[in-house]
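Working notes, structure below.
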Amino acid sequence: MTEAVTSDFELDSRLAADSVLIADGPLSQIRLMNDDRFPWVVLVPRVPGASEWIDLDGGQQRLLLAEINQVSRHLKQKPQVAKLNIGALGNIVPQLHIHLVGRYPGDAAWPGPVWGSGQAQRFDPAVLAERVEIWRQRLR
């Protein structure tokens, strides 16, 4: 049986600084990366101490996979998205988090990885609020 998400969950400060909460899914915080160069969402399971996929029980893994699929489908619908990059690196931020990045030829890092590719271009605050609201509507 899936262990309940607890109130002991604490978001890593680097994820908090680089992203904005869109919504809470059944298992994860769904967050928009504050980088206007890429359509980029991060899922952070609200499971204290989880740093690897294997730290989740089977039910939690299934919930996370469903969340990955749901967000990925929405990213793939964006007209410019030709490829989805999905990754859980954790080399700098050990807290388990899954990156979902919509990629397209000619984007700021194409064809290389988005990590370590230039400086993030923060959204204008009004645009950021608009993007978050669009995501919230998509996920309803």
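Just so you know, residue 1 is the first one in the sequence shown, and it goes up from there.
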Basic-acidic side-chain contact under 4.0 Å: Asp18, Arg122: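 Salt bridge between Asp18 and Arg122, a charged N being under 4.0 Å from a carboxylate O: yes.
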Is the backbone of Glu130 close enough, under 3.5 Å, to the side chain of Glu133 for a donor and an acceptor to pair up by distance?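 Not confirmed, Glu133 side chain does not pair with Glu130 backbone.
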Do the side chain of Arg138 and the main chain of Val71 share a donor and acceptor less than 3.5 angstrom apart?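 A pair under 3.5 Å: no.
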Say whether [X] and [Y] are linked into one hydrophobic cluster, either directly or through other cluster members, by side-chain heavy-atom distances under 4.5 angstrom.
X      : Y      : value
Leu128 : Ile134 : no
Ile22  : Ile86  : yes
Ile68  : Leu21  : no
Trp53  : Leu100 : yes

To the nearest 0.5 Å, what is the distance between [atom1] ([X]) and [atom2] ([Y])?
X     : Y      : atom1 : atom2 : result
Arg37 : Trp110 : CZ    : CH2   : 15.0 Å
Leu96 : Leu56  : CG    : CG    : 5.5 Å
Leu63 : Leu43  : CG    : CG    : 11.5 Å
Gln95 : His97  : CD    : NE2   : 8.0 Å
Trp40 : Leu75  : CH2   : CG    : 12.0 Å

Can you check whether [X] reaches [Y] side chain to side chain, under 4.5 Å on heavy atoms?
X      : Y      : answer
Arg46  : Leu27  : no
Ser19  : Asn34  : no
Gln121 : Asp35  : yes
Asp12  : Val44  : no
Asp107 : Phe38  : yes
Leu32  : Arg131 : yes
Leu11  : Gln29  : yes
Ile92  : Arg14  : yes

Does the pair Trp115 and His99 meet the rule for a side-chain contact (heavy atoms from CB on, under 4.5 Å), with working shown? CA-CA 10 Å; Trp115 297 278; His99 295 270; 3.5 Å; yes
Residues forming a side-chain hydrogen bond (donor to acceptor under 3.5 Å, both in side chains) with Trp135, sequence neighbours excluded: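 Expected list: none.
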Please indicate whether Gln119 has more than 12 foreign heavy atoms, meaning atoms of other residues, nucleotides or ligands, lying under 6.0 Å from its CD.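 Counting neighbours around CD of Gln119, 12 or fewer heavy atoms of other residues, nucleotides or ligands fall under 6.0 Å, so no.
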Please indicate whether Lys83 has more than 12 foreign heavy atoms, meaning atoms of other residues, nucleotides or ligands, lying under 6.0 Å from its NZ.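 Open: at most 12 neighbouring heavy atoms sit under 6.0 Å from NZ of Lys83.
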Let me see the working for Leu139 and His74 under side-chain contact (heavy atoms from CB on, under 4.5 Å), right down to the final yes or no. CA-CA 9 Å; Leu139 296 172; His74 289 294; 3.9 Å; yes
For [X] versus [Y], what's the shortest heavy-atom pair and its separation?
X      : Y      : value
Ala82  : Pro105 : CB-CD, 3.9 Å
Val81  : Pro39  : CG2-CG, 4.0 Å
Ala88  : Ile98  : CB-CD1, 3.5 Å
Ala108 : Ser117 : O-OG, 3.7 Å
Leu84  : Gly102 : CD2-CA, 4.3 Å

By salt bridge (Lys or Arg N to Asp or Glu O under 4.0 Å), which residues pair with Asp55, not counting sequence neighbours?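 If we apply the salt bridge (Lys or Arg N to Asp or Glu O under 4.0 Å) test to Asp55, skipping adjacent residues, there are no hits.
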